[in-house]
2 protein chains.
Amino acid sequence: MGEIRSGRLAVGERMPGELELVERHGVSRHTVRESLRVLEELGLIDRHQGLGTVVRSRNSSPSYVQVVKSPGELMQYPADSRLSVVETEDIKASRQLARQLQCRSGSLWTRIGAVRKLKDSGLPICWSNIFVLPEYAAVASKIGRSRRPVYEIIERSFDEQISSVEIDIQAGLVSEEVAGILEVEPGSPSLTLIRRYLGKGNRQFEVSLSEHPAERFNYSLKLTRGWQSGGGWSQG
Amino acid sequence: MGEIRSGRLAVGERMPGELELVERHGVSRHTVRESLRVLEELGLIDRHQGLGTVVRSRNSSPSYVQVVKSPGELMQYPADSRLSVVETEDIKASRQLARQLQCRSGSLWTRIGAVRKLKDSGLPICWSNIFVLPEYAAVASKIGRSRRPVYEIIERSFDEQISSVEIDIQAGLVSEEVAGILEVEPGSPSLTLIRRYLGKGNRQFEVSLSEHPAERFNYSLKLTRGWQSGGGWSQG
DNA sequence: TTTTGGGATTTGTCCGTACAAATGCTATCT
DNA sequence: AGATAGCATTTGTACGGACAAATCCCAAAA
């Protein structure tokens with residue numbers, strides 16, 4: 001019933017209108033519309049009132065997805081570890097820092113220097129430079145009071161909601177500055193994570209630069225095979 | 001219009017039938033059915049012909065997803081780089097190696113040692129120990145002949161299909177053994193990726209241990225907010 | 001020449017009808 | 001008591017109709 005095929009049309013081309021498909025296939029408009037709805041949900045077509053239906057893609061594609069319940073899961077720190085603030089300051093991003101933060105040179109941030117330690121042993125597992133928008137500077141006083149990640153404290157304290165997270169992972173050597181805080185030798189290997197949190201309007205509201213002694217932290221991810229169907233996804 | 005709420009019913013309970021909802025809300029059956037279809041696609045209800053509609057869940061949950069078209073995108077190497085085989089051998093996994101490969105101690109693998117270099121300058125960007133099942137050992141002769149990743153060569157050459165990929169990321173220092181091949185000082189920082197590829201029946205068929213000089217490689221990922229809807233996902 | 005308004009076309013929303021398929025319950029038969 | 005058939009209920013599929021909203025094109029007016 002109403003087997004609609006877009007195989008003969010190029011991507012970007014206009015499909016026959018609903019009423020033409022009704023005539024052509026000898027089915028009701030209801031049936032045509034139902035078939036088109038499925039195709040749209042599969043991401044194969046775009047439908048526009050007044051304009052018509054355009055081919056978007058010839059086939060739906062398999063993909064691979066990693067899914068986490070919350071960005072907090074991305075941090076992968078032990079539950080019995082705590083972040084405590086060491087220092088804060090208001091800064092203007094230098095060109096070099098702007099490159100790391102992926103923001104405009106000269107833009108204003110509040111920097112919060114903090115160390116994360118295991119609760120029982122006091123072993124430090126990371127040193128973080130957390131940059132937040134100045135309008136969120138008050139978050140500094142709440143860090144360490146709860147186990148919530150910083151971004152989440154911001155979400156709850158201000159009118160903000162995460163839309164995406166970007167993470168860069170690099171290897172390096174612990175500098176003299178940070179070696180004492182982390183209780184390691186300067187020059188020992190470290191894993192650095194730069195996490196950029198984007199909120200409403202895709203505005204970047206927090207960037208965390210976290211350096212971890214190599215033997216105290218590593219990072220894992222898992223992706224499973226899934227299928228894209230027009231703005232939606234199914235896991236295989 | 002046909003605002004259907006399942007808030008008052010427990011999971012597992014039967015919802016009012018379509019015709020009852022028609023009466024109750026004073027809309028047509030078409031409208032009721034459309035609303036129920038959306039709820040079903042969100043995974044909140046299960047509908048059964050002759051039986052009725054059952055509540056499956058109270059809410060759909062937000063999540064965060066990273067989506068890539070193929071596991072090849074995960075490798076993040078420059079397009080103009082090539083992998084070339086240096087050595088291969090059949091091995092039995094020691095206890096230490098088994099821990100890294102996450103396989104049984106004593107299990108058999110074919111190890112393929114290979115270096116990845118930039119094509120033009122010949123600059124080495126990574127040293128890989130690639131472990132494949134012995135039945136896939138013949139893949140070694142195909143590496144370097146095409147730009148396809150190893151797992152994909154295996155997929156195409158044998159009856160295998162990826163179901164998931166697991167990646168561990170660690171920092172360390174380049175050893176004497178590998179320093180010459182990578183043309184860096186021993187003890188300089190490196191980023192190591194352990195990639196485990198699982199195929200049919202979730203059987204692990206390839207594990208790659210790849211070590212990169214820190215300044216020649218880093219790793220990025222991006223997750224965006226999405227919604228789970230009963231076996232499917234939508235990006236926010 | 002540019003702008004505006006009207007008409008044609010197309011998809012979107014909601015109404016109604018009819019019949020089929022699936023499920024469960026009850027009554028009757030063996 | 002167990003099996004079978006019929007009926008009621010419920011969802012599934014497809015038909016048709018009417019009107020609204022969005023888009024584009026063309027002709028007329030400024």
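Remember, it's a predicted structure, so these values are computed and weren't measured experimentally.
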Nearest-nucleotide comparison on DNA chain C, the residue closer to the 5′ end among B:Arg14 and B:Gly26 | B:Gly26
Candidates C:dT11, D:dC24, D:dC15 - which lies nearest the side chain of A:Thr53 | C:dT11
Of the candidates C:dC14, C:dT11, C:dA20, the side chain of A:Arg47 sits closest to C:dT11
Side chain of A:Glu18 only, please: which of C:dT23, C:dT11, C:dA20 is the nearest?
-> C:dT11
Rounded distance [0.5 Å steps], CG in A:Asp168 versus CD in A:Gln170 = 6.5 Å
Where the side chain of B:Glu166 meets the backbone of B:Arg195, is there a donor-acceptor pair that is under 3.5 Å apart?
-> no
Send over the distance from A:Leu36 CG to C:dT10 P, rounded to a whole Å.
-> 14 Å
Between C:dT9 atom P and A:Leu21 atom CG, what is the distance in whole Å?
-> 17 Å
Length of the CZ-C1' vector between B:Arg33 and C:dG16, whole Å | 14 Å
Rounded to whole Å, the CZ-C1' distance (A:Arg37 to C:dT10) equals 20 Å
Checking only heavy atoms, does the side chain of A:Arg29 share a donor-acceptor pair with the base of C:dG12 at less than 3.5 Å?
-> yes
Between B:Tyr136 and B:Phe205, what is the ring plane arrangement, given parallel below 30°, perpendicular above 60°, and tilted in between?
-> perpendicular
When the distance from CG of A:Asp46 to P of D:dT23 is rounded to whole Å, what number comes out?
-> 13 Å
Nearest of C:dC14, C:dG24, C:dT10 to any side-chain atom of B:Leu51?
-> C:dG24
Looking at C:dT13, D:dG12, D:dA21, which one has an atom nearest to any side-chain atom of A:Gln49?
-> D:dA21
Of B:Pro16 and B:His30, the one whose nearest nucleotide on DNA chain D sits closer to the 5' end is B:Pro16
Aromatic ring pairing B:His212/B:Phe217, orientation class (parallel under 30°, perpendicular over 60°, tilted between) | parallel
Ignoring hydrogens and geometry, is there a side-chain-to-backbone donor-acceptor pair from A:Ser81 to A:Tyr77 under 3.5 Å?
-> no
B:Glu34 has an atom CD; how far is it from atom P of D:dA14, in whole Å?
-> 15 Å
Atom NE2 of A:His48 and atom P of C:dT13 are separated, to the nearest Å, by 14 Å
Nucleotide C:dC19, atom P - distance to CG of B:Leu19 in whole Å = 16 Å
